[in-house]
Protein chains: 2
Amino acid sequence: MNPSRPRIPEATVARLAVYLRVLGGLADSGRASVSSGELAGAAGVNPAGLRKDLSHLGPCGVRGVGYDVAGLRDRIARVLGVERSRACVLVGLGNLGSALADYAGFGSRGFEFVGLFDSSPQRIGQVIGGRPVLALTELDDVVTGTAATIGVIATPAEVAQEICDRLTAAGVRSILNFAPVTLTAPAGVDVRQVDLSVELQVLAFLDTSRDAGRDTGSDARVPAVGGMA
Amino acid sequence: MNPSRPRIPEATVARLAVYLRVLGGLADSGRASVSSGELAGAAGVNPAGLRKDLSHLGPCGVRGVGYDVAGLRDRIARVLGVERSRACVLVGLGNLGSALADYAGFGSRGFEFVGLFDSSPQRIGQVIGGRPVLALTELDDVVTGTAATIGVIATPAEVAQEICDRLTAAGVRSILNFAPVTLTAPAGVDVRQVDLSVELQVLAFLDTSRDAGRDTGSDARVPAVGGMA
DNA sequence: AACCGCTTGTGAACGCAGGAACAAAGTCGC
DNA sequence: GCGACTTTGTTCCTGCGTTCACAAGCGGTT
């Protein structure tokens, strides 16, 4: 209940980001206030769970009325640390990296790519998402110069660990890795892994077990797709 | 412990997919057997947890020796339902969709895109990842004709729900959604959400709480940048 | 053939997340 | 001004996931 210090469960943080997106949409459509039930419905979660998540921020609603859309949005943004723009670097501009660099969803949510890096001479100098692709040799200078603390790895798996080492050596402390390898990073560095094929394989398993499972399928397990992934 | 039927926790399924990837690498490098400790290290998990995960498949190791790499790999692949190729359709071939269509990691893990769809006339007819982009009007015929059960949505958020409806109406029962919206699907359809900006926001939160949390950072004298934003 | 070391598989405890029910609080209507 | 309704914030409880620790089993060695 302490508003800022006591650590918030990671699952809650992931949902807060979802609430933030929904609130942004509501604010754009002119809504002034919203109830927990409606917000939970739009986010795909349980209303009680949503209120519990918000309780980690301290009281921020008005009983009998609901939540102020803009106020709650700003409060969540502040807690998540996205109320100010954060500098990120992106390494690897193949298909996936280019998609990430050009993804408007990042810029609109407080993330700015201050450096795009690739090892291929063919890609260096290209402009993707409004920024030029730089050579890997400039990585260290850019990271230290911009004080970027977030790095995104979209390279082939073979070089991902090396890039991770260089990023951490340059001062990056949070890494989002799309390469299908398990990275090892020094203590104090957070690494989040997004493996697209893992997501598909989980789907395949659910599909298979549904086909084969006419016995268990009685209850229709609806796992309340909690889109954290 | 029942080898195949009793439902395996979803968290375990996700890790099994990671083990499968690691085992594939070990098999390629000629390794014949591997211990739980080594495999856990390569996958970034606890050895005891790994053994518990594998226990859901029934006994599949040899005490005192370890696990047979190829045998365990095939067994996991069979449980996950990826030992045979699965037909998938992909809707939305912007930057992200094109990256997905061209991502070799899918094909090598038992997923084949049997149909790429987009609404833009400019993209229809283009060949991406070896397959032509089709018009959305053909979606229903392709899904029913190929018996595809998995659909991937990489469209703008505005049309994602409509695509979801069309996919489920055509018979798709598993959906991987990259659009930043919460989809509602009929019961019996699994939806997994991958929101890239949510991942970054979780990183931002960890970063912020680390900056503010002077208690945890006891051991690491992080010289790094002088912390002026 | 028996011992010993190594590794798996499992049982138990701990902590955490999720869900439902209840009390507090504020607003709207009369 | 007062009552009733609405909605939040909290508390309890149930279940799951994770971790630790130990017994069981197999191979190699003497």
Side-chain angles (χ1 to χ4, degrees), chain A residues 1-3 6-19 23 26 31-69 71-72 75-76 79 202 205 216 219 221-229, chain B residues 1-3 6-19 23 26 31-69 71-72 75-76 79 202:
Chain A
M1 43 189 73
N2 194 341
R7 37 169 264 292
I8 301 176
E10 193 169 311
T12 292
V13 173
R15 283 189 296 267
L16 285 176
V18 176
Y19 307 154
L23 286 167
L26 289 173
R31 287 289 300 272
S33 75
V34 66
S35 71
S36 67
E38 187 179 1
L39 187 55
V45 300
N46 186 294
L50 180 139
R51 291 199 296 273
K52 178 170 292 193
D53 286 337
L54 295 183
S55 73
H56 287 106
L57 321 180
C60 47
V62 180
R63 300 178 188 230
V65 178
Y67 299 93
D68 179 69
V69 170
L72 183 58
R75 187 158 196 171
I76 293 177
V79 170
V202 173
F205 170 77
T216 64
D219 54 337
R221 301 195 50 80
V222 184
V225 283
M228 62 177 61
Chain B
M1 45 189 70
N2 193 342
R7 40 172 266 287
I8 301 176
E10 192 169 312
T12 293
V13 173
R15 282 189 297 267
L16 285 177
V18 176
Y19 307 153
L23 287 167
L26 289 174
R31 286 289 300 273
S33 75
V34 66
S35 71
S36 66
E38 188 180 1
L39 188 54
V45 301
N46 187 295
L50 181 138
R51 292 199 295 273
K52 176 153 289 197
D53 286 339
L54 295 183
S55 73
H56 288 105
L57 320 180
C60 46
V62 179
R63 299 180 188 231
V65 177
Y67 300 92
D68 178 70
V69 171
L72 183 58
R75 186 159 197 170
I76 294 177
V79 170
V202 173

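Side chains included, hydrogens not; waters and symmetry mates left out as well; all remaining heavy atoms used. A, B, ... follow the sequence lines: proteins, then strands. Residue 1 opens every chain. Since we're looking at a predicted model, the values are computed, not measured.
- Side-chain nitrogen and oxygen atoms of A:S36 include at least one within less than 4.0 Å of the OP1 or OP2 phosphate oxygen of D:dT8.
- The nearest whole Å value for the distance from the CG atom in B:D68 to the P atom in C:dT8 is 13 Å.
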Restricting both atoms to N or O, compile the protein contacts to nucleotides 27-30 of chain C shorter than 3.5 Å, with distance only.
none

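- Atom CD of A:E38 is separated from atom P of D:dT6 by 16 Å (rounded to the nearest Å).
- For the pair A:D53 CG and D:dT8 P, the interatomic distance rounds to 14 Å; values are reported in whole Å.
- D:dT6 atom P lies 15 Å from atom CZ of A:R51, rounded to whole Å.
- Between B:V202 and A:A14, the closest heavy-atom pair is CG2-CA, 3.9 Å.
- With contacts defined as side-chain heavy-atom distances shorter than 4.5 Å, the pair B:V79/B:V13 does not qualify.
- Taking atom CZ on B:R15 and atom C1' on D:dG17, their separation rounds to 8 Å, with Å as the unit.
- We find that CD1 of B:I8 is positioned 15 Å from P of D:dC16, with the value rounded to whole Å.
- B:L54 is listed as a side-chain neighbour of B:Y67, based on a closest heavy-atom distance under 4.5 Å.
- Taking atom CG on A:L57 and atom C1' on D:dT8, their separation rounds to 14 Å, with Å as the unit.
- Among the atoms of the strands shown, none is found under 4.0 Å from any heavy atom of A:G49.
- For A:A40, the side-chain contact (heavy atoms from CB on, under 4.5 Å) partners at least two apart in sequence or on another chain are A:V45, A:P47, A:L50.
- For A:R31, the side-chain hydrogen bond (donor to acceptor under 3.5 Å, both in side chains) partners are A:E38, not counting sequence neighbours.
- The closest side-chain heavy-atom distance from B:V34 to B:L72 is not below 4.5 Å.
- In this structure, B:Y67 places its OH atom 15 Å from P of D:dG27, rounding to the nearest Å.
- Here salt bridge (charged side-chain N to carboxylate O under 4.0 Å, His left out) pairs that include residues 54-64 of chain A, with residues two or more places apart or in two chains, number zero.
- Between B:D53 atom CG and B:Y19 atom OH the span is 4.0 Å, to the nearest 0.5 Å.
- Looking at residues 39-48 of chain B, you'll see B:N46, B:A48 sit with a heavy atom under 4.0 Å from some atom of DNA chain D.
- Distances were taken from every side-chain heavy atom of A:S35 (C-beta onward) to each of C:dT7, C:dC16, D:dT8; the shortest belongs to D:dT8.
- Positionally, the nearest nucleotide of DNA chain C for B:C60 lies more toward the 5' end than for the other of B:C60 and A:E10.
- Partners of A:R51 according to the salt bridge (charged side-chain N to carboxylate O under 4.0 Å, His left out) rule, which considers only residues two or more places apart in sequence or in another chain, do not exist here.
- In this model, a side-chain donor or acceptor of A:K52 finds a partner on the base of C:dG19 within 3.5 Å.
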